[in-house]
Amino acid sequence: MNFPFFVARRYLFSKKSHHTINIISGISVCGVALATMALICTLSVFNGFQDMVANLFTAFDPQLKIVPAQGKHLKHDDPNLLEIRKDKRIDVITETLQDQALLRYGSRQVIATVKGVEKNFIDLTDIGNLLYGDGRFELGDGLMNYGILGIQLAHSLGVGARFEDPMQVFAPKKGERINMGNPAASFNQDEFLSSGVVFAVKQNQYDANYAIVSLKYAQNLFGTPGEMTALEIRCKDGVNERSVKRDLQKKLGNQYKVLDRYEQQADVFRIMEIEKLLSYLFLTFILVVACFNIVGSLSMLIIDKKADVQTLRNLGADDNLICKIFLFEGRMISTCGAVIGVILGLVLCWSQIQFGWLKLGAEEGSFLIDSYPVSVHFWDVILVLVTVVVVGYLSVWYPVRYLSRRLL
């Protein structure tokens, strides 16, 4: 066995001549353990919120989305996109066209995003589970056009799941300037009826801004026949989404972008990642402060073991070997704290997942979820463990060398 490690282990677990040293060593371990536990729990809560938001977006966003790298529109008869449809790993593929328009009902008007979709859009996403009302997902019957509003958008327009009068829609004509003498002539105008339902994604981005109509209706409204803004895809069950994305991007080249769900909401998830990073850095700073307790414990231990050090010198131990003994002592304290903290953090995360002890609000139903969401990621645990060990090792390296020279 490594001699410095053997002596350091004995010093860590043996009774000291001054009981205070044992107490300070215990406090050092507890400080590191608590900081480690806080890191595990905090990162896991951020993961929980990120997974929750991703699940909300999943109900409306497709698995994969093909958009132009430059410009805004794609051609329906683009040979590259027609070739994509032959991929046997794709289960559902639909064309979509969306742009800004003015919706007016009675005296109320709201600028919203009108999204035109094909009939199989309900198979592409989980929107069928997000509909509220006594109607059904219907966008047209050949004679009439229907639209489905987000629940908050419907509220802003003063309507419910059903509205009696047609919803009027205005969109600027493509490539034309507004005629100040006759502004109405600069807009395409159309209308749609209620399909008897509204949708609620429980995300303001969609519920307050989106109206779903048929693709043909949107193309006529925006003056873009035979064009779309995106080709949305759902893969077959069991298919590796990343491999499909990679292969499609390779086939299509740099003229197109193939976006997964996280890339479609890049801004939202980037903000969440930044918040998670800042929390990690802040708690790491607290960990550094906690490691100062180890320095205090080691300094008192060095003073307490002066007689032992002198004996080791008489037996032939040099300064480097003695320094290693106390370095191992500090490293063992930080490692013990790291392991205990990881275990406690995982236990707390498990209990929150199982029982939801920590609530978001005093009353149930006040938020989308009643308790803080938690999701433990393996690589976060490894990151925390490595961070604690590295910070602990670095925090004792210089102080031990300095104290060894001054006090021994």
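Computed from a predicted structure; not experimentally measured. All values below come from the heavy atoms of this structure, side chains included, with hydrogens, waters and symmetry mates left out.
- Residue pairs meeting the salt bridge (charged side-chain N to carboxylate O under 4.0 Å, His left out) criterion with at least one partner in residues 379-391, sequence neighbours excluded, are K276-D380.
- For the atom pair CG (L252) and CD1 (I84), the distance works out to 4.0 Å, reported to the nearest 0.5 Å.
- Scanning both residues, A112 and N209, for their nearest heavy atoms gives CB-O, 3.3 Å.
- Atom CD of Q255 sits in a sparse spot, with 12 or fewer heavy atoms from other residues, nucleotides or ligands closer than 6.0 Å.
- Under the ring-ring contact (aromatic ring centres under 6.0 Å, His included) criterion, Y262 pairs with F269, sequence neighbours left out.
- Note that CD1 of I66 is 9.0 Å distant from OH of Y256, once rounded to the nearest 0.5 Å.
- Around the CG atom of L278, the shell of radius 6.0 Å holds more than 12 heavy atoms that belong to other residues, nucleotides or ligands.
- The nearest pair of heavy atoms linking Q152 to N204 is OE1-OD1, 2.7 Å.
- For the atom pair CG of L259 and CD of Q265, the computed distance is 10.5 Å after rounding to the nearest 0.5 Å.
- Applying the ring-ring contact (aromatic ring centres under 6.0 Å, His included) rule to Y210 yields the partners F60, Y206; only residues at least two apart in sequence or on another chain are considered.
- Heavy-atom minimum distance, A171 versus A101: CB-CB, 4.3 Å.
- Note on residues 154-170: pairs passing side chain to side chain donor-acceptor pair (under 3.5 Å), not counting sequence neighbours, are R104-Q168, D134-R162.
- The CZ atom of R89 sits 10.5 Å away from atom NZ of K236, with the distance rounded to the nearest 0.5 Å.
- Considering CZ of F199 and CZ of F137, their distance stands at 10.0 Å, rounded to 0.5 Å.
- By the 6.0 Å contact criterion, NE2 on H76 is open, its count of non-hydrogen atoms from other residues, nucleotides or ligands being 12 or less.
- To the nearest 0.5 angstrom, E227 atom CD is 11.0 Å from E95 atom CD.
- In this view, V376 and S44, L346, C349, V374, V381 satisfy the side-chain contact (heavy atoms from CB on, under 4.5 Å) rule, not counting sequence neighbours.
- Judged as a side-chain contact (heavy atoms from CB on, under 4.5 Å), and not counting sequence neighbours, the contacts of R242 are N240.
- A salt bridge does not link K250 with D247: every distance from a Lys NZ or Arg NE/NH1/NH2 to an Asp or Glu carboxylate oxygen is 4.0 Å or more.
- Closest approach of A35 and L287 over heavy atoms only: CB-CD1, 3.7 Å.
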